[in-house]
Amino acid sequence: MATEKNYNNPELEEKLKDRNYYTVDSKKDFSKEVEEISGTISHMCFQCGTCTGSCPSAPRSSYRIRIFMRRAVLGLEEEALTDPDLWLCTTCYSCSDRCPRDIFPTDVIMAMRNLAFRKGIVPRNFLKTVQLIYSTGHGVPNNDVNRAAREKLGLPRDPPTTHSYPEYMDGIRKIIDHFHLKEEADRILSEE
Ligand code: SF4
Ligand code: SF4
């Protein structure tokens with residue numbers, strides 16, 4: 001982590017990476033930001049492991065919510081935000097239901113995902129969803145097959161949402177534009 005040796009060989013550098021933790025790896029601002037965004041007291045975690053024991057993603061992957069809690073407490077920003085497992089939480093809230101410290105680990109994950117997005121680290125599905133909401137107001141928009149099925153059921157072809165009232169799209173786009181979400185989604189997807 002802290003000590004970097006220059007072997008002029010990325011493969012070798014990855015293999016021989018210093019895996020010890022040093023105080024300089026600890027970003028206090030990261031711990032603070034995670035608490036602010038999540039609104040939960042992650043620094044009270046005492047690593048009992050109840051969260052990981054509750055997690056449906058843990059038995060079938062290397063995702064460990066307890067480790068992410070430790071990273072939040074120790075301020076291990078890079079390690080948390082660049083870990084692909086960050087996106088394996090289903091947000092089922094089982095860990096939050098059971099934490100003996102009344103912490104909401106789920107919200108810690110949500111905060112970390114927000115911070116990762118700010119650095120452009122985000123799975124493409126989220127970006128595609130931003131584009132769909134921007135163009136239709138729906139993350140899962142209607143399509144012709146569903147329109148035919150709705151007709152058969154005696155329903156209007158489109159539900160009483162932005163599909164039927166597209167005049168409300170301006171307001172939705174304003175919110176998304178305020179946070180530059182569509183701009184960012186387009187930019188990241190175009191760089192792939
Ligand atoms: S259940 Fe709560 S206290 Fe226990 S490790 Fe998870 S977050 Fe920490
Ligand atoms: S909310 Fe996420 S981290 Fe918590 S138990 Fe469910 S999948 Fe696991």
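For clarity, every value in this text was computed on a predicted model and none was experimentally measured. Any value given below was found using the heavy atoms of this structure, including those in side chains, with hydrogens, waters and symmetry copies removed. Atoms within each ligand, like the ligands themselves, are counted from 1 in listed order.
- Note: Phe104 and Tyr93 have perpendicular aromatic rings, judged against thresholds of 30 and 60 degrees for the angle between ring planes.
- Open room surrounds CD on Glu11; 12 or fewer heavy atoms of other groups in view lie less than 6.0 Å from it.
- For ligand 2 and Cys89, the ligand atoms under 4.0 Å from any heavy atom of the residue are 1 (S), 2 (Fe), 3 (S), 7 (S).
- Counting the atoms of ligand 2 from 1 in the order shown, those under 4.0 Å from a heavy atom of Tyr93 are 1 (S), 6 (Fe).
- Within 4.0 Å of ligand 1, contacts by protein heavy atoms are made from Cys45, Phe46, Gln47, Cys48, Gly49, Thr50, Cys51, Arg66, Met69, Cys99, Pro100, Arg101, Pro105.
- The distance from ligand 2 to the heavy atoms of Cys92 drops below 4.0 Å at these ligand atoms: 1 (S), 5 (S), 6 (Fe), 7 (S).
- Counting non-hydrogen atoms of neighbouring residues, nucleotides and ligands closer than 6.0 angstrom, the CD atom of Gln47 exceeds 12 such neighbours.
- The 12-atom threshold is not exceeded at OH of Tyr165, counting heavy atoms of other residues, nucleotides or ligands nearer than 6.0 Å.
- Taking CZ from Arg113 and CZ from Arg118, the interatomic distance works out to 15.5 Å, rounded to the nearest 0.5 Å.
- Side-chain contact check for Asp177 and Tyr134: at least one donor-acceptor pair (N or O, by modelled atom type) lies under 3.5 Å.
- If you number the atoms of ligand 2 from 1 as listed, the ones under 4.0 Å from a heavy atom of Tyr63 come out as 3 (S).
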Output, in order, the C-alpha distance, side-chain angles, deciding distance and verdict of salt bridge (Lys or Arg N to Asp or Glu O under 4.0 Å) for Glu191 and Arg187.
CA-CA 6 Å; Glu191 281 170 5; Arg187 186 185 62 77; 3.2 Å; yes

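- For Lys17 and Glu14, the salt-bridge test passes: some basic side-chain N is under 4.0 Å from an acidic carboxylate O.
- Between Ile109 and ligand 2 there is no heavy-atom distance shorter than 4.0 Å.
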